[in-house]
Amino acid sequence: MKRSIPLLITFLVGVALIVAMFIPHWPFDVLNQNFSVFYDIIAVFAFILGGGNLLKVHIRKVQRKGGDWKYSLVTIIGFFLVLGAGLLKIGVPGGWSGDYQATGSLFKYLYDSAFQPLQATMFSLLAFFVASASYRAFRAKTREATILLVAAFIILLRPTPLGYYLTFWLPEPLQFLHVPNLSTWILSVPNMAGQRAIMIGIALGIVSTSLRLILGIERSYLGSEGKG
Amino acid sequence: MLRKTGMRSTPTAIVLLLAACSLPAAVAAGAGVEPQAVSQPARQPLAPPGGVRAYDTGNDAGGSITIEWDRSPDDTGPRGRVTGYEVFRSESQNSGFESLMCLPSGTTACIDNSAVDGVEYYYRVRATSPDAPSVAVGAGPVKSSGQWFNRARLNLVVIAAILVFAIVYYIIQGAKGKDLYIRKISGLEAVDEAVGRATEMGRPVLFIPGIQDMDNVQTVAGMTILANIAKRTATYETALDVPVSRSIVMSTGRETVKQAYLEAGRPDLYSDDIVHYITDEQFGYVAAVDGIMVRQKPAACFYLGAFFAESLILAETGNSIGAIQVAGTAMPTQLPFFVAACDYTLIGEELFAASAYLSKDRMMMGSLKGQDAGKAVAMLFILAGVAVATLAAATGNETLAGLGEWLRQFFAIN
Amino acid sequence: MEDTPILASPLAQTISLWIAALLTLMIFSFLYKDNPAYKFAEHLFVGVSAAYWMTVGFWTTLIPNLMAKLFPSRMGTIFPVAVGNRAEYFYIVPLVFGILLLTRLYSRLAWLSRWAMAFIIGFAAGTNFTRYLQSDFVTQIHSTMIPLYEPTGNIMTAVGRIFSNLVVVIGVVCALIYFYFSKPHEGSFGKAARVGIWVLMAAFGASFGYTVMARVSLLTGRMSFLITWVQSIF
Amino acid sequence: MAEANTGSTWFERLGALDRRVIFLLIALAVIIPLVVHYTTTIPASRIVLDLYEAVENLPSGSKVLISFDYGPSTAPENQPMATAFTRHCLEKGHKIYLIALWATGPRQSQQLIDEVIKVEFPDKVYGEDYIHLGYKAGNQGLINALLSDFNSMYTSDLAGEDIEGFPMMEGIGTLKDFDIILAIGSGFPGTKEWVQFAGDPGDIPVGGGTTAVMAPLLYPYYPKQMLGFLGGLQGAAEYEAALMNGYPKYRTMTRRASTTMGPQVTAHLVIVGFILIGNLTYLMERRKKRKY
């Protein structure tokens, strides 16, 4: 019972969506449409579940006064500050009928001064890591590594004047070796071939995994038959 | 507040709509919008659109009629006399026409999605311009209906059926106990080594199932591998840490790990804290995982699932703490970073093969063989298609060209 | 008529700029090594972002697409949502599934959340099956069925074309052979798989090189922000 | 490791360089050009021109859906694309519909309206020439839903006003009613999903732009499944160049993509330098090992 009903739900939903692809007629068109909408709504409940769990973990840390509990307090305060500002529409011009992230609202203020800079800065760390990774990894140790290195090197040169001046003097029949031309060729020929093969492989992997899920062969996500 | 704006905007909308459909014509025609020939043309009247035809839109659920026409001879581009076309609909042939939509010049078709199945409609189309519209040309009667099968996707059905058959066939073969070979997948050979090293060093194992939700099949694949890794950590009594960025992944992750610990005979070592939610936000999650890495210094890091930009942040931080790193993803954009920064990388489809490889489950291995059959089909058709197309281009043979085109069309989706 | 909201005032904006700049520096400090400032920013980020996504989901989906469908008359008077005339009661279904998902928070009922998970997994399997089949399998085969030889006037271009087309076809086929699992990679099959790896490596190298541009743009954005902040001080 | 301690020559020390030195040089490579305002211009490539021409050849008044599937984190790359697309579409007299698959998207489209549309196209009317529809949750599921019924998902614009009141929403029933979809994305869901869930099943022309990371992934879709696309900042700079050619007035306006290409060049050169040094030290080490 605890596993058979979920397996049945997965089967029915999965099959209905696949069939809807080929049979546009009622009821599959309606199911296809509504399942998408339902999924969107359930996704929001997942946010709530996530928030609930986050609080559970950090409140427990604060109660136990475990290591770094003061930082957990920062998480909890940040969480309630943003949630309160957003759900209660604090500072929104026009009150309840206003836009929750209108200019002047506390929610937008917190977004601009904390969320946005934190996100963008975390992301920008990549510029540093890309450099350190290429320094370490792009060494001609094996034939595979050399191919990786050469392709990356040519593409890296592409937006720089160096790439242009290194090869612009090449005579017409050898112009295909000019860095901008060569990099376009690498992107649209070998890169494309590799990406395409990966895509085909992945598509097959996804098709077969989906099939296993629908047929109930792959079910480790459902856990055990026991309670909880 | 809302009501007020609603009332204010409606009349404005009507005026704007009329303007869009060439205001003077509407005024000349009086209050009604019945399309009629205008009796006093200012200049030479606009030539009407030709060949108006209406038919039930094919391969759909119904409620839709397609109307097509040829451009008015006066429709000569953006600066021509025709500014657009107006489409009318009625349920009787000679009266009761109502404006349905206005379209820009150059358009030659539109779809009426407001049709009711089974009702007969008549359509009229006229060209519009700032001074006077053309005569309206009619078509109909036509009824809309839903179709039971999308013929345009017949080829997809065939291809899907071949794949499903191949996969299911080999799954059954596997279930019957037939021995199936799987080639070595180097990243996976390292799983035992990595868990073993963590045990020796007394440090935890970190598992990241990607940052996507359970609606991504890669996450599901990651979870299946987690089940295998969790069995090993349970057996070796090594600490396992699985921070996740989706609450549903947390739920499934807990089920998975709990089941694995149970199967390994160590349910006592399981705790819900092993799998914990951080935040749905990609970089908030990365910030926290980076923190976990530099503070707990795991000896082995597994990144198996769907990854985005965070891949390199995680892998470089993992590298800086000297962990053995095994990654696997089917996100082609992130594979280069894992290949560059990790010790072992499962490339694309290998991620999906991993669960079969690790579990040695015969049904899973069978489905893997089914995938291979799919690849064989793909290669076969690619080579056949290329050969036929090349021969056709080289010889100019019509039959070959036709055959090549047929092959290509079989793999066309529209 | 309306006053400028307090939080849009110049003073509040200056404070906002400072908070943003300090948080930016706190995150950058991680590049040197882990430290309390980074820890603070990290924990703040986690709390703020979890609440952010909850709030956005609440106002953009839960209210207009669920509550307003179930209780149109009541919702329409309080919130700025466009409502239909009649309640659409079948929206009970996602509501029930959503609530089932939340049972996860109470361990005694947690097993019920599997029903919601089952729906999500079924949705994923059903949509992914057809889409990947269509766009990433069928269409990719279609696009690879190219004639190697295309008659053109110029010999140089014709040779170049043939070469490129050959690389595409051989590349795709060999890389697919690399992904072949149920046959040992030995002999000529193994050699083809080897060529497949080379193609994959070229693709990875190209993607890596291409990406550097994206990563530097992000850093440029952050650095310009910090420069603006420094300029605002003086 | 132990070996490096015993005979640590200059190239061995360089080979095991502390990554913080690399970090510092990268930071300088970005900051210095920003401070001294170094810029470059790049001519448009075929893949960008194809998209430019597709937008250019649509009849005036066509319906263009622009999806903002990114957030502030990739705005430095994506926003110039949105600006270039918007300028081009409005210049041609197209109607643009702004939506988002990412919750962070509407803020970017609002910024576009405030900074570009209202400033450069003051005569364009909201609801007639452009409309801001905002974000809906659901990722690819949303696209799927929009493909069969646009209006049941988008019942109101971002400000909460009923869409039935807007003239430009007339005739919009499904995604198929748009003449072109321009998806500006930086991940999942994004441009790829627009191809998979809208372009392919609905036979709707899709174009767009992505961060440079995503761009190589889209090459297999071009030209069959996508009209063309802008890859990263360079793609945006190329579209700006094409726009400048077609509409000379843009020669004097701010070109965001082109001006931020400066730090790109220097940072790329620094990384190229590091790769060269890395290989040099590797070769030296290998030669030294062979001697013993």
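A, B, ... follow the sequence lines: proteins, then strands. Residue 1 opens every chain.
In this structure, the portion of B/S251 lying under 4.5 Å from any heavy atom of chain A is its side chain and not its backbone. For A/I217, the part lying under 4.5 angstrom from a heavy atom of chain B is the side chain only. Residue contact with chain B, scored on non-hydrogen atoms closer than 4.5 Å, is absent for A/L118. At a 4.5 Å heavy-atom cutoff, A/V30 makes no contact with chain B through either its backbone or its side chain. Only the side chain of A/Y39 has a heavy atom closer than 4.5 Å to any heavy atom of chain B. When heavy atoms are compared at a cutoff of 4.5 Å, B/S145 does not approach chain A at all. Contact of A/I48 with chain B is not made at all, since no heavy-atom distance falls under 4.5 Å. Proximity to chain B involves both the backbone and the side chain of A/I202, based on heavy atoms less than 4.5 angstrom apart. Interface residue B/N319: only side-chain heavy atoms are found under 4.5 Å from chain A. Heavy atoms closer than 4.5 Å to chain B are found in both the backbone and the side chain of A/Q119. Neither the backbone nor the side chain of B/L351 has a heavy atom closer than 4.5 Å to any heavy atom of chain A. In this structure, the portion of B/I167 lying under 4.5 Å from any heavy atom of chain A is its side chain and not its backbone. Only the side chain of A/L215 comes within less than 4.5 Å of a heavy atom in chain B; its backbone stays farther off. Residue contact with chain B, scored on non-hydrogen atoms closer than 4.5 Å, involves the side chain of A/F115 exclusively. There is no contact between A/M199 and chain B, counting heavy-atom distances below 4.5 Å. Heavy atoms of B/V257 lying under 4.5 Å from chain A are absent altogether.
Counting only heavy atoms from C-beta outward, the side chains of A/F129 and B/T317 approach each other to under 4.5 Å. Side-chain contact between A/M122 and B/D290: present, with at least one pair of heavy atoms (C-beta onward) separated by less than 4.5 Å.
Residues A/I200 and B/A378 share a closest heavy-atom pair of CG2-CB, 4.3 Å. Closest approach of A/N53 to B/Y277, counting heavy atoms only: CB-CB, 4.3 Å.
A salt bridge is absent between A/R212 and B/D361: the closest approach of a Lys/Arg side-chain nitrogen to an acidic carboxylate oxygen does not fall below 4.0 angstrom.
In terms of heavy-atom pairs under 4.5 Å with chain A, the best-connected choice from B/A341, B/A309, B/P336 is B/A309. Among B/D215, B/V168, B/I278, B/L163, the residue making the largest number of heavy-atom pairs under 4.5 Å with chain A is B/D215. Per-residue heavy-atom pair counts under 4.5 Å with chain A were compared for B/S367, B/G348, B/A340, and the maximum is reached by B/S367. Annotation: maximal heavy-atom pairing with chain A below 4.5 Å, among B/R246, B/Q218, B/M364, occurs at B/M364. When each of B/M223, B/E281, B/M363 is checked for heavy-atom pairs under 4.5 Å with chain A, B/E281 comes out on top. Put simply, of B/L154, B/I248, B/I347, B/T224, the one with the most heavy-atom pairs under 4.5 Å next to chain A is B/T224. In terms of heavy-atom pairs under 4.5 Å with chain B, the best-connected choice from A/L125, A/D68, A/I198, A/L126 is A/L126.
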Derivation and outcome, side chain to side chain contact (heavy atoms under 4.5 Å, CB included), residues A/V130 and B/L312 | CA-CA 7 Å; A/V130 133; B/L312 189 64; 3.5 Å; yes

Report the C-alpha distance between B/D272 and A/K56 in whole Å, list the side-chain angles of each, state the deciding distance to 0.1 Å, and finish with yes or no for salt bridge (Lys or Arg N to Asp or Glu O under 4.0 Å).
-> CA-CA 12 Å; B/D272 268 359; A/K56 235 172 136 179; over 6 Å; no

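Checked against A/S208 for a side-chain hydrogen bond (donor to acceptor under 3.5 Å, both in side chains), the options B/Q371, B/E349, B/K369 give a single hit: B/Q371.
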